[in-house]
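See structure below.
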Amino acid sequence: MRLPQFEYVEPKTLKQASKTLASDKRTVALAGGTDLLVNMKHRVIEPKRIINLKTIPKLNHVAAGKEGLRIGALATLHDISSSLVIKERCPALAQAAREVGAYAHQAMGTLGGNLCQGNRCRFYNQSAFWRGVRPPCFKVAGKVCYVVPKSKECHSAYCGDLAPVLIALDAQMKIAGPEGERSLPLKKLYTHNGIKPLSLKKGEILREILIPPSSGKTLYLKWRFRDSLEFPILSLALHIEKDGKDQVKNGRIVFSAAGRGPVEAVLAEKMMKGISFDEAMIERISDQAVKEISPMRTSIHSPAYKRKMAGILLKQALEQLRNAK
Ligand SMILES: Cc1cc2nc3c(=O)[nH]c(=O)nc-3n(C[C@H](O)[C@H](O)[C@H](O)COP(=O)(O)OP(=O)(O)OC[C@H]3O[C@@H](n4cnc5c(N)ncnc54)[C@H](O)[C@@H]3O)c2cc1C
Ligand code: SF4
């Protein structure tokens, strides 16, 4: 499959990149290209101009300090999975990066691209030829959704591996834009709107992620049929901090491939506060979390199967962290 024609820009600074990005609706940012270029080959998106962020210096750092871990948006997934400081301080993040696609995706793909990747749907992530047999759906300015035919919205799913872990760790993001820089919690990047899944404004570029220090333990469990080259059928990040009496002080449960953005099971999280785990409690928390996800048939796997796997993964994760100090 061939790429369509496009103009190509190599900016030297973030400011220049963000100005160019803001100048025209059909200009897009390129990082590793492992998501964007595939979508362009499928003619899912046809940008007029591409801005290569990789030509901007100092955006691929991994630095540890008192305020936590700072990771540049252009750090590759391989940089993340092989970084000693990330392996030591955030092993779940290193593991999530190691589980993305195959090695080529990890060598080329970046943190920023992973977090900003497009939502997915089996009726959308297809070649133009495949899609051409039926009228376009909402995602491509059509008038129908083939996944939920009675709906007036797009239900495409967010399937990234790194966002659940980073949201569970309360990560903050730094965004550079034409009017300067702003900081906000990573979870606010996701709008849960299938057509425009990210809250980035015109010309904005994700510059850095900050992971604050945490005393808890984090796990990332990804369910898929093959060990590589596969998006999660469903995945889960669980973060638990305990107090001196072995009771849960703070717990976070975040799923991927379970909705239109990363899905946090907030009611199940509340149930965890102040408890010590036992079999019955683990069962109740998992049952509650499953009620909070809303998977649709955006892949070959049924929503019922995804819900079942969500419960199983969460029980496994809670069991693993049950005895963790
Ligand atoms: C076969 C295959 C398997 C895959 N498997 C997985 C998987 O298992 N898990 C998974 O999470 N992903 C998977 N991916 C998707 C993709 O490879 C990864 O998500 C990768 O990390 C994307 O990063 P990138 O740098 O290549 O992004 P790009 O393709 O360069 O960009 C992706 C999107 O993000 C935007 N973008 C990039 N950087 C920034 C930034 N700094 N600020 C604002 N916007 C930005 C781009 O404009 C584009 O819209 C897979 C892809 C393929 C083709
Ligand atoms: S969920 Fe519906 S509208 Fe969205 S991409 Fe799939 S078929 Fe199209």
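Scope of the values below: all heavy atoms of this structure, side chains included, with no hydrogens, waters or symmetry mates. Counting starts at 1 for both ligands and their atoms, following the listed order. The first residue of the sequence shown is numbered 1, and numbering continues consecutively from there.
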* Asked: Counting only heavy atoms not in Arg182, do more than 12 fall under 6.0 Å of its CZ?
  -> yes

* Asked: Between Tyr103 and His78, is the gap from one ring center to the other below 6.0 Å?
  -> yes

* Examine the proximity of ligand 1 to Cys116 and report which part, side chain or backbone, both or neither, has a heavy atom under 4.0 Å away. => both

* To do: Output yes when the distance from some N or O of ligand 1 to some N or O of Gln117 is under 3.5 Å, and no in every other case.
  => yes

* To do: Using distance alone, decide if ligand 1 has a nitrogen or oxygen within less than 3.5 Å of any nitrogen or oxygen in Val38.
  => no

* To do: Kindly say whether the aromatic ring centers of His301 and Phe225 come within a distance under 6.0 Å.
  => yes

* Would you find a donor on one side and an acceptor on the other, under 3.5 Å apart, between the side chain of Lys41 and the backbone of Arg43? -> no

* To do: Quick one: look at Leu200 and ligand 1, take heavy-atom pairs under 4.0 Å, and tell me if it's side chain, backbone, both or neither.
  => side chain

* **Neighbouring protein N, O or S atoms of atom 8 (Fe) of ligand 2 [cut-off: under 2.8 Å, no waters]** => Cys137 SG

* From Leu186 atom CG to Ile209 atom CD1, the distance as rounded to the nearest 0.5 Å -> 5.0 Å

* Part of Leu77 with heavy atoms under 4.0 Å of ligand 1, whether side chain, backbone, both or neither -> side chain

* Asked: In terms of atom number and element, which parts of ligand 1 are under 4.0 angstrom from non-hydrogen atoms of Gly160?
  -> 11 (O)

* **Lys222 contact mode with ligand 1 (heavy-atom cut-off under 4.0 Å)** => side chain

* Side chain, backbone, both or neither: which part of Leu53 comes within less than 4.0 Å of ligand 1 when only heavy atoms are counted? -> side chain

* Report, in ascending order of atom number, the atoms of ligand 1 lying under 4.0 Å from any heavy atom of Glu230. => 8 (O)

* Report yes if Ala29 has an N/O atom closer than 3.5 Å to an N/O atom of ligand 1; otherwise report no. => yes

* To do: Please confirm whether Arg120 makes a cation-pi placement over Phe231, using NZ or CZ under 6.0 Å from the six-membered ring centre and within 45° of the ring normal.
  => yes

